[in-house]
Q: 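Can you keep this structure in mind? I'll have questions shortly.
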Amino acid sequence: MSSKGTEPTPPISTSGSSSSSAGSAASLRDENDNNNDNDKADNMGNPKTLQRSQSSMPPPREPFFAFVPQVLMWFGGIFASEAAIVKNAAINGPSWFQSYTTDSFQFYKENPRTLLNEVISGFTVAIMQVPESIAFSIVAGVPPLSGLQATFWMAFITGIFGGKPGMISGAAGALAVVVADLTDDGGPLSYLTPSQRVNALFMTMFLCGVIQIGFAVLRLAKFVRLLPETALIGYMNGLAIIIFIAELPSFQYCDAESIIIDCTEDQKQWLTFQDDTVKTILTVSQVFLCMIIMKYFHLIPVVGDSVPSSLVALLTGTVLEHTLFRLVIGTGTRTVDETAPISGSIPAFEFPSVPMQSDTLMTIIQYAFTVAIIGSLESILTLKACHEITDTVPQVSESNQELFAQGLGNLLSGLSRAMGGDAMMGQSTINLLNGGGRRVSSTICGVFMLLFIVALGPLINLIPIATLTGVLFMVVLSTFQWKTFMILRYGRITDSVAIILVTVMAVFYNVAIAIGVGVVFSAIVHAYDSGNHVEGDVVLKTMIVNGTEKDVKYVHVKGAIFFSSIHKLINLCSPNEGPSTVILDFEDAIIVDHSAVVGIQGIVHRYETVGKQALLVNLPCSSCLMMQRTGDSDSLRKDLKRKHVLADLMSGEFDEESPSILSIADHMSVEFEIPGEVEIPHAESGEVAAPFECTGLMDETRVGGQLKCLKMFELGVHPINVELAQLGQNQPRLSIVEKDGGTTTPRLSRKMTSFLEDVEEEK
């Protein structure tokens, strides 16, 4: 029999006759009596010979609280490893930095064209991030300067420490739509003043950075592989809908205050064609003009590929606003200066001050975990997409390094009153396609953003909000997964339900919780489907069990046995029906969880209750240990320590020309021994042949299916015992038991002769 893992399993033998001779049965009984005596076998130094064992003796159970020091040692090992990394960085950091700087300077000195491409690509991406950063800051309910500073910190820090050179980070819509609840008048912190709510947002981003660094330390990036595609599609759809809803206030106005951010929700009014016809038409025109430019500008030869379309849309909308709309028509749309004016300055560190109330702190911690999970997820997915663009293989260590960089960027953002962010899929793609595949491009992007903050503040105040809305509406169209409708129409119903479930929960409840629900739902569906894939081949046959000939119910179990599939196995075993012995063969199965252990215990117990016997054979080592440690059936535990000798008595056919002579392919009992040095007793005389070293295990099968590897017919034809001795010198051990117990010379049947001829032709 083939082995599972490293656990050697002795063989099941198959016989071609419906009944065994008295000599054969007696030989097997004597063999079983000798092998069941464990002490005697141990003294002989050969306990494995001719025995059917499911596993070696399992170790005793550990004390109940033995896991406590193991867990402490695990955490201690993690912190010791991180402390060693920090120590090495502190010791070797200066010399490494000097060497890295020198090598980089020398490289770019020799390749000035590469440096120029990196700088140009970083500058282009920085310009593209200006309108999006301002738009996302408006969504989050913070001043535009907060979004620009967040882009500076995220791009600069991840450019230096990130896991993938050339990947761009900045203020992101995925985080903006989540933290917008913290600053909203109707959000969970509505009892705080507006300035206190903004400080709570900055504290949330600070804690988000700490949590992401913790994710990196604990090496949690590998768990992203548990995210199913359906949950990802639902998440992207929900994110697109949330961004769209968050942009609808761009069509509001307020006459009570000069700056709309100072107005309350009751003071804000919606633009309508009936009351504000001209202003409404101009606002809608700005939005659609921006979307049209972003959609088609890149099709213009030469210029379309070199200038970002979002920047062109931004400049066009600003020029129209302050010329045609305000000077000619006499009415304009709302601008950044009328929404939340900014004054450029270098970021300054200030620890956020929030009320030390339990409700406030719990809300901050909850949102910190939410944005940490979302930001980590988007960053790792962006990193994988960047590797696909550069045709490189992503490493888990790079993902954890990226999480560390993202966490450090968000931590510094929170300390400098910035809204934080994560990796940007679109900007990263553009940077890599423009030739910015090194750290200079992503780092210089942050430097240019800082220059924009300091020098371009007055110009940014002139930008119309409707133009920024058009930019984000294009982000919505690109974020939404339009293949959803194809999946809903032609896909599996469970996939459709998962997509809709995640999308709805993301929009109406929480994005992070929606992802978790999608993962759980997909896992439940997979568990249900896997439970249906378990099979059991049931055969009623006559076997010699531990030296006694019995009618048995032989169940060959295939698949993973766990909470969803155990009931199918239970239904295959009915103690009130069939023979008094059932043999469960787990060679092609594995026991996964405690539900399987309890179910198998129940099968054994029910057979014992009615005076019948259930034998478990071919248990993998891991499954046997699980049953020993967590099972509570003493009889089953004792049975797992026993060793069984089984021989299968199957019906066969006689040779057509000479019925009194057996066909070798159909009328023999074959046993394949475990690896290691073993002794070979002859089937008739009981003499022991010289030891030999087994080369490996074979699957239980008829000899005809193993002719090519056994090569037994390449030898001369001798009596069975002589042939066995010769085969034993270079083949896995064979024990052949003929129907009549005689020593007649074997002869091939017509079927076997034809098979050998086919083998020769193939050679």
Q: So which heavy atom on A174 is nearest to which on L239, and how close?
A: CA-CD1, 3.4 Å
Q: With sequence neighbours excluded, tell me which residues meet salt bridge (charged side-chain N to carboxylate O under 4.0 Å, His left out) with E118.
A: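 So E118 forms no salt bridge (charged side-chain N to carboxylate O under 4.0 Å, His left out) with any residue.
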Q: Tell me whether F156 at atom CZ has more than 12 heavy atoms from other residues, nucleotides or ligands lying less than 6.0 Å away.
A: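 Atom CZ in F156 is not packed in, count stays at 12 or less.
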Q: Would the distance check show the side chain of R439 and the main-chain N or O of G162 forming a donor-acceptor pair, the cut-off being under 3.5 Å?
A: yes
Q: Any side-chain heavy atom of T467 sitting closer than 4.5 Å to one from T318?
A: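 Of all side-chain heavy-atom pairs linking T318 with T467, none is under 4.5 Å.
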Q: Looking at every non-hydrogen atom in both residues, tell me the closest pair between A506 and I242 and how far apart they are.
A: O-CD1, 3.1 Å
Q: Checking side chain to side chain donor-acceptor pair (under 3.5 Å) for the pair Q406/S376: CA distance, chi angles, key distance, verdict?
A: CA-CA 8 Å; Q406 294 287 335; S376 301; over 6 Å; no
Q: What do you reckon, is OH of Y191 surrounded by more than 12 foreign heavy atoms closer than 6.0 Å?
A: yes
Q: Is a donor on one side and an acceptor on the other found under 3.5 Å between the side chain of T280 and the backbone of T272?
A: yes
Q: Are I515 and I373 side-chain neighbours, meaning at least one heavy-atom pair lies under 4.5 Å?
A: no
Q: What distance do L282 atom CG and R326 atom CZ have between them, rounded to the nearest 0.5 Å?
A: 10.5 Å
Q: Apply side-chain contact (heavy atoms from CB on, under 4.5 Å) to R334 and Y253, showing your working.
A: CA-CA 8 Å; R334 179 158 50 93; Y253 70 96; 5.6 Å; no
Q: Drop me the distance from I168's CD1 to S428's OG, to the nearest 0.5 angstrom.
A: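 Result: 5.5 Å between the selected atoms.
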Q: With rounding to the nearest 0.5 angstrom, report the CG to OG distance, D184 to S190.
A: 8.5 Å
Q: Hey, mind stepping through F351 and L415 against side-chain contact (heavy atoms from CB on, under 4.5 Å) and telling me if it holds?
A: CA-CA 5 Å; F351 194 82; L415 291 178; 3.6 Å; yes
Q: Does the S441 side chain pair with the main chain of R438, one donor and one acceptor, at a distance under 3.5 Å?
A: yes
Q: Keeping the roles fixed (side chain from S137, backbone from I134), state whether a donor-acceptor pair exists under 3.5 Å.
A: yes
Q: Give a yes or no on whether the backbone of A348 and the side-chain of R417 come within a donor-acceptor separation of less than 3.5 Å.
A: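 The answer is no, because no donor-acceptor pair under 3.5 Å joins these two groups.
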Q: Is the number of heavy atoms from other residues, nucleotides or ligands within 6.0 Å of OH (Y108) greater than 12?
A: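 Yes, because the 6.0 Å sphere around OH of Y108 holds more than 12 heavy atoms from other groups.
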Q: When you compare the side chain of F273 with that of I281, does any pair of heavy atoms fall below 4.5 Å?
A: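 Contact flag for I281/F273 side chains = yes.
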Q: Take F206 and W153 through the test ring-ring contact (aromatic ring centres under 6.0 Å, His included) and record every step on the way to the result.
A: CA-CA 13 Å; F206 173 80; W153 281 117; over 10 Å; no
Q: Roughly how far, to the nearest 0.5 Å, is the CD1 atom of I444 from the CG atom of L115?
A: 8.5 Å
Q: Contact between T392 and K164 at the side-chain level, heavy atoms closer than 4.5 Å - yes or no?
A: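 They are in contact (side-chain heavy atoms under 4.5 Å apart), so the answer is yes.
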Q: For a 4.5 angstrom cut-off between non-hydrogen side-chain atoms, does V517 reach V502?
A: no
Q: Of all residues at least two apart in sequence or in a different chain, which pass the side-chain hydrogen bond (donor to acceptor under 3.5 Å, both in side chains) check with Q196?
A: T193
Q: Backbone N or O of F161 within a donor-acceptor pair of the Q401 side chain at under 3.5 Å?
A: yes
Q: Check A313 against C290 and note the closest heavy-atom contact, atom names and distance.
A: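 Distance-wise, the nearest heavy atoms are CB-SG, 3.6 Å.
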Q: For F288, does the CZ atom have more than 12 heavy-atom neighbours from other residues, nucleotides or ligands under 6.0 Å away?
A: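 At most 12 heavy atoms, drawn from other residues, nucleotides or ligands, come within 6.0 Å of this atom.
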Q: To the nearest 0.5 angstrom, please state how far the CG atom of L462 sits from the CD atom of E338.
A: 10.0 Å
Q: Specify the closest pair of heavy atoms between G317 and P464, including all atoms of both residues, with the distance to one decimal.
A: O-CG, 3.6 Å
Q: Test your reading of the model: is there a side-chain donor-acceptor pair from T151 to the backbone of A171, 3.5 Å cut-off?
A: yes
Q: Applying ring pair (Phe, Tyr, Trp, His ring centres under 6.0 Å), can you list everything that pairs with Y490, at least two apart in sequence or on another chain?
A: none
Q: Checking side-chain contact (heavy atoms from CB on, under 4.5 Å) for the pair V471/M294: CA distance, chi angles, key distance, verdict?
A: CA-CA 8 Å; V471 172; M294 291 187 64; 3.8 Å; yes
Q: As a quick check of understanding, evaluate side chain to side chain donor-acceptor pair (under 3.5 Å) for N199 and S353, giving each step before the final call.
A: CA-CA 6 Å; N199 283 335; S353 176; 5.5 Å; no
Q: Counting only N and O atoms by type, is there a donor-acceptor contact under 3.5 Å from the side chain of E321 to the main-chain atoms of T333?
A: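 It does hold such a pair.
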Q: Between Q481 and T479, is there a donor-acceptor pair closer than 3.5 Å when you use the side chain of the first and the backbone of the second?
A: yes
Q: Is any side-chain heavy atom of I245 closer than 4.5 Å to one of V507?
A: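 Side-chain contact under 4.5 Å: yes.
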Q: Nearest 0.5 Å, what's the CG-CG distance between L320 and L327?
A: 11.5 Å
Q: Quick one: closest heavy-atom pair of L468 and V336, and the distance?
A: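 Smallest heavy-atom distance, with atoms named: CD1-CG2, 4.1 Å.
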Q: My understanding is that only residues two or more places apart in sequence, or in another chain, count here; which of them pass ring pair (Phe, Tyr, Trp, His ring centres under 6.0 Å) with F448?
A: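 F448: ring pair (Phe, Tyr, Trp, His ring centres under 6.0 Å) contacts with F123.
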Q: Can you tell which of D422, L175, N410, L182 makes a side-chain contact (heavy atoms from CB on, under 4.5 Å) with V371?
A: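 Exactly one candidate clears the test, L175.
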Q: Looking only at heavy atoms, what is the nearest atom pair of V287 and A466, with distance?
A: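 Taking every non-hydrogen atom into account, CG2-O, 3.5 Å.
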Q: According to salt bridge (charged side-chain N to carboxylate O under 4.0 Å, His left out), who are the partners of K268, at least two apart in sequence or on a separate chain?
A: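 Scan of K268 (salt bridge (charged side-chain N to carboxylate O under 4.0 Å, His left out), adjacent residues dropped) gives E265.
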Q: Kindly say whether V440 contributes a backbone atom to a donor-acceptor pair with the side chain of T443 at under 3.5 angstrom?
A: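 No; judged by distance alone, with no hydrogens or angles, the pair does not exist.
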Q: Which salt bridge (charged side-chain N to carboxylate O under 4.0 Å, His left out) pairs, counting each pair once, include a residue from residues 451-472, with sequence neighbours left out?
A: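 Qualifying pairs: none.
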Q: Is there a side-chain contact (heavy atoms from CB on, under 4.5 Å) between N461 and T335? Walk through the geometry before answering.
A: CA-CA 7 Å; N461 286 331; T335 62; over 6 Å; no
Q: Is M424 close to V125 at the side-chain level, that is, under 4.5 Å between some pair of heavy atoms?
A: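 Contact flag for V125/M424 side chains = no.
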Q: Any heavy-atom pair between the side chains of Q149 and P143 that's under 4.5 Å?
A: no
